[in-house]
Amino acid sequence: MADSRVIIVGAGPTGLTAALFLVKAGVPVTVLESRTEIYDDPRAATFHPPTMEMFEDSGVTQRLHDLGIVCPKWQFRGRTEGVVAEFDLGLLAHVTRYPYRLQCEQHKLVAILADMLAKESGFTIHYGATVEDVKQCESGVTVVTADGSVHTGDYVIGADGGSLRRLTDEPSGDFLPSWSPDGKWIYFTSDRTGAMQLWKAPSAGGLAVQVTRGGARESWPSPDGKLLYFTRRGPAADIWTVPAEGGLEQPVPELAGFNRIARAWGVIQQGIYFISRQHGPRQEVRFFSFATRRVSSIAILEKEPTWNVPTLALSPDGRSMLTVQLDHAVNDLMLVENFH
Ligand SMILES: Cc1cc2nc3c(=O)[nH]c(=O)nc-3n(C[C@H](O)[C@H](O)[C@H](O)COP(=O)(O)OP(=O)(O)OC[C@H]3O[C@@H](n4cnc5c(N)ncnc54)[C@H](O)[C@@H]3O)c2cc1C
């Protein structure tokens with residue numbers, strides 16, 4: 001390994017940490033970074049004891065201490081409750097030399113690593129080098145950047161972080177996404193035709209296809225992926241089905257009469273859970289079993305749920321349920337001045 005060259009894609013904290021440990025172990029490293037300089041977004045700001053232990057021998061830990069704030073205790077605070085819980089990391093003094101959190105922004109770590117690596121003879125970094133292709137062959141790896149440069153090495157480490165990929169780009173509202181069970185499709189609601197309808201787009205990218213024609217709000221696929229269950233806008237807001245390929249849209253007959261369901265329902269392997277919203281704060285959660293085709297009551301909620309966001313989630317085994325209940329409501333007075 002000591003004779004091998006490692007190519008690292010990305011000069012964030014992950015890439016440069018890997019680079020430092022490899023170079024210190026005598027392994028030459030080439031880092032390819034698409035930016036033209038090290039980024040200094042604040043992002044993460046806390047170092048925990050194991051990280052400080054890991055960086056101790058390299059001297060990084062000391063340099064982080066020169067820039068950071070030692071924080072032995074940390075707290076959860078509520079806006080009205082004050083301190084809800086306090087954690088005293090001093091209690092770990094018998095197991096670590098760093099019984100505290102160190103507050104120091106992540107870009108300072110990146111700058112320290114870049115500075116230390118610059119002094120290492122086995123280290124090379126290319127800025128403005130966006131990796132576009134990686135190929136493996138018997139003798140190692142070939143990495144090609146956007147300007148056509150080719151870098152060869154024995155191993156490549158992808159430390160390019162996460163990135164966003166746009167799936168839809170119509171000038172429309174696209175929202176309420178869900179996955180098909182096989183992961184190949186993303187179902188979503190879109191108003192791109194002027195009315196809210198269900199659409200589906202390949203998760204690997206590609207053209208979106210319209211699924212419903214008669215109007216739709218939110219959807220969940222059936223466990224076998226063949227159907228989409230969906231609600232419609234309007235006062236009924238009952239549950240309908242449509243084949244995932246598109247086709248006949250029809251209400252689920254056993255759920256006739258259960259309406260005002262929007263935002264409080266979902267589908268699991270065994271059936272559909274939902275709240276058919278009633279007048280008054282206490283709401284009943286019901287379950288429609290695919291096996292028996294019957295509806296049963298599974299809970300009466302003690303407090304009003306929150307209606308403007310998805311508010312129910314049943315565990316995959318159907319034994320536990322999450323609800324979002326309205327605990328506090330705050331109203332403020334606003335003064336409008338100088339009008340006649
Ligand atoms: C706004 C924001 C706030 C955050 N807040 C926190 C927080 O409070 N606490 C916390 O723990 N974490 C936070 N994070 C997450 C934390 O920043 C990341 O976990 C961390 O940056 C991951 O480090 P990384 O080195 O793996 O990737 P990155 O830091 O993303 O670095 C990847 C590098 O690879 C480069 N790159 C990407 N593609 C290529 C390519 N094709 N070729 C060459 N180079 C490429 C990029 O330019 C970048 O420099 C936050 C992230 C963001 C975006």
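Read the numbers this way: they start at 1 and go in the same order the structure lists the ligands and their atoms.
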- Message: If you measure every N or O of P13 against every N or O of ligand 1, does any of those distances drop under 3.5 Å?
- Response: yes
- Item | Protein heavy atom at shortest distance from atom 27 (O) of ligand 1 | G161 CA, 3.4 Å
- Message: Considering G15, A44, A11 one by one, which has a heavy atom nearer to atom 13 (C) of ligand 1 than any of the others?
- Response: A44
- Specify the protein heavy atom at minimum distance from atom 34 (O) of ligand 1: its residue, its atom name, and the distance to 0.1 Å. G10 CA, 3.2 Å
- R35 and E37 ion-paired at < 4.0 Å: no
- Query: What residue and heavy atom of the protein are closest to atom 36 (N) of ligand 1, and at what distance?
  - Reply: S34 OG, 3.7 Å
- Message: Need the ligand 1 atom indices (1-based, order shown) with element for anything under 4.0 Å from a heavy-atom of A159.
- Response: 32 (C), 33 (C), 34 (O)
- Item | Numbering as shown, the atoms of ligand 1 that approach V9 to under 4.0 Å (heavy-atom distance) | 40 (C), 42 (N), 43 (C)
- Query: Is it true that the side chains of D174 and S172 contain a donor and an acceptor less than 3.5 Å apart?
  - Reply: yes
- Would you mind checking if R232 and E218 are paired as a salt bridge, meaning a charged N to carboxylate O distance below 4.0 Å? no
- Output field: ring centroids F274/F258 closer than 6.0 Å: yes
- Query: Does NZ or CZ of R101 lie under 6.0 Å from the centre of the six-membered ring of Y98, at an angle within 45° of the ring axis?
  - Reply: no
- What protein heavy atom sits nearest atom 28 (P) of ligand 1, and how far away is it? Y39 OH, 3.6 Å
- Would a 4.0 Å cut-off, counted as strictly less than, catch a protein heavy atom around atom 32 (C) of ligand 1? yes
- Y229/W220 aromatic ring centres below 6.0 Å: no
- For L32, the atoms of ligand 1 under 4.0 Å from one of its heavy atoms are 43 (C), 44 (N)
- Query: Any non-hydrogen protein atom below 4.0 Å of atom 19 (O) of ligand 1?
  - Reply: no
- Please determine if R263 forms a cation-pi arrangement with W307, meaning its NZ or CZ atom is less than 6.0 Å from the six-membered ring centre and no more than 45° off the ring axis. no
- Query: Who gets closest to atom 3 (C) of ligand 1 by heavy atom: Q106, H107, R43?
  - Reply: R43
- Geometric N/O contact V131 with ligand 1, under 3.5 angstrom: yes
- Note on the structure: Atoms of ligand 1 under 4.0 Å from any heavy atom of R35, numbered from 1 in the order shown, are 47 (O), 49 (O)
- Query: Do the charged groups of D40 and K108 touch, with an N to O distance under 4.0 Å?
  - Reply: no
- Residue and atom name of the nearest protein heavy atom (relative to atom 48 (C) of ligand 1), distance in Å to one decimal: E33 OE1, 3.5 Å
- So, T46 versus Q103: side-chain donor-acceptor pair below 3.5 Å or not? yes
- Message: Quick test of your reading of the model: are K226 and E245 salt-bridged, counting only N-O distances below 4.0 Å?
- Response: no
- Take every heavy atom of A129, measure it against each atom of ligand 1, and state whether any distance is under 4.0 Å. yes
- Note on the structure: A student comparing T14, D160, V143, L109 should find that the heavy atom closest to atom 38 (N) of ligand 1 comes from D160
- Message: Under 6.0 Å between ring centres: does that hold for F47 and H65?
- Response: no
